[in-house]
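The structure appears below as structure tokens.
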2 protein chains.
Amino acid sequence: MVGTVTYRSVKSTDTGRTPDEIVLTPAARRILDVASALFYAHGITAVGVDTIAAESGVTKRTLYDRFGSKDALVASCLAERNRLWWARLEARLAELDGERVLATFDCYLDTRDIGRGCAFLNAAAELPREHPAHALARGHKRAVRERIGELLALDHPDLEGRDDLAEHLFLLLEGAVSQRGLDDDDRRMRTARDLAASLLPSGRPASTQG
Amino acid sequence: MVGTVTYRSVKSTDTGRTPDEIVLTPAARRILDVASALFYAHGITAVGVDTIAAESGVTKRTLYDRFGSKDALVASCLAERNRLWWARLEARLAELDGERVLATFDCYLDTRDIGRGCAFLNAAAELPREHPAHALARGHKRAVRERIGELLALDHPDLEGRDDLAEHLFLLLEGAVSQRGLDDDDRRMRTARDLAASLLPSGRPASTQG
DNA sequence: ACCATGCTATACAGATCTGTGAAGTCGGGG
DNA sequence: CCCCGACTTCACAGATCTGTATAGCATGGT
């Protein structure tokens, strides 16, 4: 397609905040996207590699040549989701000035389709701790927690009890995130955002989004 | 064992707060306990009925005679967990006077083995919305949210903005609950409890458990 | 011209999945 | 005495699971 492209297969399980973009073969790209959607929609264990290959318009041989195993594919899917998640947050943060912590809430709110809640929580819920994807999920949430701390530090450098507040905000966020998968609507997430806003120094109780 | 026992098989999917105790045949009891533990430990889809039957010292025939299908067994397991959860909370509440909302946090804190986090969240994360167990998980969380509201109303009848506070506490609780499955320790749950305590009218910032 | 790479096609191994069918054992209650 | 209910044993159906083996086609870089 672009002539002279050196493809790299996906092997790394990066948990960090700004993972490198990974160049995939066209088939691998399709497999990754299809698998990601299917895993999210039906659960990881419930979806077989035959289905993924078929839906991707690819043979099973190709799938295994590119990803090595189903477990590795699962990990790649979550790593890709992680990449996209951070890209979206950081993009939103870039065009924002005050009170940036709330962007983490808004990030979830502007997703049209709630679907089945948080893919990272779902994966961790289903998979054993030893599974590489479980580590990715843990890393993702840890990074989110850390970023909240950083954003709070940036916006309120001299705030007393800032660490407690960061943890508080994280708990509100994750409470809303985890329940959103059950509720199938955004009311709780909006409430959480409002509650979070009311905790901030500048904060009046309400004011939904910008 | 007790002579003349009329066994009832488990069919109902009660989501309520105080479900009836259900009388099971000895084999059914064993199946339910074993299945519950295995589903929790390894995930629902990942555990087959053959394994459950074998571990219960029971034939697959018996399993299907008692529960009808794997899906029904899954639902029964979650219903039983729901029953036990409420029994534990209400027992704790009975021997308590002031600030009863915090008992919901303590309920999680006195569980020795964290294991894989919240069985209800895990089940909902793995199963499709249509699955009967998914409805049970939703019902469970909804009931918890309601109970928090009730307890807050009992302890602070004249509090202003009580509904917001109830939601706030619920979000803190669920944030901690969902993360506990990833963290594999109770620090976050304790922090959540402290933060919750600090939000209460009586509340000074700290004071861990009684 | 040669060869590596990306991908296809097909077939298969071997295990495991949910669920059923048929026949039989054992104990207690009417 | 007879029957019901709980449970066993064993076999099987039919699908689906992850993963591999063998063989071949097409393209593009060197």
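We name chains A, B, ... by the order of the sequence lines, and we start the count at 1 in each one.
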Original post:
When you measure from the side chain of S69(B), which nucleotide among dT20(C), dG19(C), dT18(D) comes out closest?
Top reply: dG19(C)

Original post:
Is R29(B) salt-bridged to D33(B), going by a charged N under 4.0 Å from an acidic O?
Top reply: yes

Original post:
Do any side-chain nitrogens or oxygens of T59(B) fall under 4.0 Å of OP1 or OP2 in dT8(D)?
Top reply: yes

**OP:** Would you kindly give the CZ-to-C1' distance between R29(B) and dA6(D), to the nearest whole Å?
**Re:** 17 Å

Subject >> Spacing of F67(B) atom CZ relative to dG19(C) atom P, expressed in whole Å >> reply: 14 Å

Original post:
Considering only side-chain heavy atoms of K70(B), which listed nucleotide, dT18(D), dG19(C), dC7(D), is closest?
Top reply: dG19(C)

**OP:** Take atom CD1 of I31(A) and atom P of dT18(D), then tell me their distance rounded to the nearest Å.
**Re:** 14 Å

Original post:
Going by modelled atom types, is there a donor-acceptor pair between the base of dG6(C) and the side chain of R66(A) at under 3.5 Å?
Top reply: no

Original post:
Phosphate oxygens OP1/OP2 of dG6(C): is one of them under 4.0 Å from a side-chain N or O of T25(A)?
Top reply: no

**OP:** Starting at atom CD1 of I44(B), determine the distance to atom C1' of dC17(C), rounded to an integer number of angstrom.
**Re:** 16 Å

Original post:
Parallel, tilted or perpendicular: which fits the ring planes of W85(A) and H140(A), with parallel below 30° and perpendicular above 60°?
Top reply: perpendicular

Original post:
Can you tell me if T45(A) and E126(A) form a side-chain donor-acceptor pair at under 3.5 Å?
Top reply: yes

Original post:
Closest to the D50(B) side chain: dC17(C), dC17(D), dC7(D)?
Top reply: dC17(C)

**OP:** Measure from CG on L73(A) to C1' on dG19(D) and round the result to the nearest Å.
**Re:** 14 Å

**OP:** Whole angstrom is fine here: how far is it from CG in L63(B) over to P in dC17(C)?
**Re:** 13 Å

**OP:** Round to a whole Å and report the spacing from CG of L24(A) to P of dT5(C).
**Re:** 17 Å

Original post:
Taking the side chain of Y64(A) as its heavy atoms from C-beta onward, which of dT8(D), dT8(C), dT20(D) lies nearest to it?
Top reply: dT20(D)

Original post:
Do E150(B) and R100(B) meet the salt-bridge criterion of a basic N to acidic O distance under 4.0 Å?
Top reply: no

Original post:
Given dC7(C), dT18(D), dT18(C), which nucleotide is nearest the side-chain atoms of K60(A)?
Top reply: dT18(D)

Original post:
Where the side chain of R61(A) is concerned, which of dT8(C), dT18(C), dC7(D) is the nearest nucleotide?
Top reply: dT8(C)

**OP:** Specify the separation, in whole Å, of atom CZ of F39(A) and atom P of dC17(D).
**Re:** 11 Å

Original post:
Can we say R145(B) and E167(B) salt-bridge, meaning some charged N sits less than 4.0 Å from an Asp/Glu carboxylate O?
Top reply: yes

